[in-house]
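What follows is one structure encoded as structure tokens, with my remarks underneath.
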Amino acid sequence: MSYKSEYSAQDVTPKHLFLNRRQLMAGAAGLLAAPAFAGTSPYSTDEAPNSYEDITTYNNYYEFGYDKTDPAQYAEALTIDPWSVKVDGLVDKPGTYSLADLIADMPIEERIYRFRCVEAWSMIVPWQGFQLSALLQKLGVQAGAKYVVFETVVRPAEMRGQTGGMIQWPYREGLRLDEAMNPLAFMATGLYGKPLPKQSGAPIRLVVPWKYGFKSAKALVRISLVAEEPQTTWKMLAPNEYGFYANVNPQVDHPRWSQATERRVGGGLFAGRIDTQMFNGYGDQVASLYTGQDLTKDF
Ligand code: MTE
């Protein structure tokens, strides 16, 4: 992961325009076989979301290349229909599910979350999707399961970045079970009331707003319940730089840069950096998960 700050200036969408846009899109979203949104969630921030353009043209998705603009340029090549997700490990209902079956009875809602990348940029993103906990409850987590593992699709013919590079595919991520059951842990299938764009992780991705963005794995094809802490992509690549927990923490710097502040994408050329918040501002909901842990060691 590199640290770049070459993003061009663009203003954050003003709130009133955003609201109009949301009203317009509520209709469009209904056509996606997604149930009507349950309204604004208490878990949503009231900060103004970044524009659709910001969110879909400045991405990290190494399956398509290393530049921020590569995903928007090349992700169209990925076939996302049909799509299936394998569920295995310590679970009552293992199997290979079509995406439609997997999410059929999930209550779709909107969550407007802060999103903080380990590279020290951030955005505000209006996702649609459902709580990971609802899916895990449906699948039936067995006693003995302590972690949830997520794997991304491997399809080098469609993902030009998978033909080389240093990452051992698939992209892997994981959460401790209690983290996965926290109401903030989210599975996104939509963005701005439209189906999730391919560069954003279509057709289904994880979103864990109190952790650095690399935990939020895209294009999931496998979910496993396991007993041991799993190997995860960035920790495998550089264990001294990227930990398993990856909680947003302004007090623990990356070995090569400070995590004390962040640049809000779209904030404009002259916008100053903003202070990074512990757990990305979600401490009230998640701090208790880490009671007794030394977060400088479990970084
Ligand atoms: N998921 C996959 N499959 N491949 C990736 O390279 N990059 C991660 C994460 N999920 C990545 C991924 C990183 S480093 C970040 S910051 C976020 O996706 C970026 O999400 P965004 O492009 O939607 O902002």
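Atoms within a ligand are numbered from 1 in the order they appear, just like the ligands themselves.
Residues F150 and I223 have side chains in contact (heavy-atom distance under 4.5 Å, counting atoms from C-beta outward). When side chains are defined from C-beta on, R205 counts as touching W127, because their heavy atoms get closer than 4.5 Å.
Ligand 1 has no nitrogen or oxygen under 3.5 angstrom from a nitrogen or oxygen of S200. Polar contact check, S216 against ligand 1: a nitrogen or oxygen pair lies under 3.5 Å apart. Considering backbone and side-chain atoms alike, W234 places every N or O at 3.5 Å or more from each N or O of ligand 1. For the pair Y62 and ligand 1, the shortest N or O to N or O distance falls below 3.5 Å. In terms of polar-atom proximity, defined here as any N/O pair under 3.5 Å, T152 does make such a contact with ligand 1.
Contacts of K215 with ligand 1, taken as heavy-atom pairs under 4.0 Å, are absent altogether. Residue contacts with ligand 1 for F115 involve side-chain atoms from C-beta outward but no N, CA, C or O (heavy atoms, distance under 4.0 Å). Only side-chain heavy atoms of E63 come within less than 4.0 Å of ligand 1; its backbone N, CA, C and O stay farther off. Both the backbone and the side chain of N60 come within contact range of ligand 1, each with a heavy atom under 4.0 Å. At a heavy-atom cutoff of 4.0 Å, ligand 1 is contacted by the side chain of Y171 but not by its backbone.
V252 belongs to a hydrophobic cluster whose other members, connected by ILVMFWY side-chain contacts under 4.5 Å either directly or through intermediates, are F299.
Residue contact check: A217 has heavy atoms under 4.0 Å from atoms 1 (N), 10 (N) of ligand 1. Ligand 1 places these atoms under 4.0 Å from at least one heavy atom of C117: 16 (S). Close approach of ligand 1 to N59 (heavy-atom distance below 4.0 Å) involves ligand atoms 21 (P), 22 (O), 23 (O). Close approach to R205 involves these atoms of ligand 1, each under 4.0 Å from a residue heavy atom: 17 (C), 18 (O), 20 (O), 21 (P), 23 (O).
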Worked check of side-chain contact (heavy atoms from CB on, under 4.5 Å) between N182 and W210:
CA-CA 11 Å; N182 186 278; W210 72 95; 4.0 Å; yes
As a quick check of understanding, evaluate side-chain contact (heavy atoms from CB on, under 4.5 Å) for V125 and Y113, giving each step before the final call.
CA-CA 5 Å; V125 186; Y113 278 162; 5.7 Å; no
Let me see the working for Y242 and W234 under ring-ring contact (aromatic ring centres under 6.0 Å, His included), right down to the final yes or no.
CA-CA 6 Å; Y242 308 104; W234 284 97; 5.3 Å; yes
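Under the ring-ring contact (aromatic ring centres under 6.0 Å, His included) criterion, Y147 pairs with F244, not counting sequence neighbours.
Looking at K211 and E173, no side-chain N of the basic residue comes within less than 4.0 Å of a carboxylate O on the acidic one, giving no salt bridge.
In this structure, Y66 and Y62 have tilted ring planes: the angle between them lies in the 30° to 60° band.
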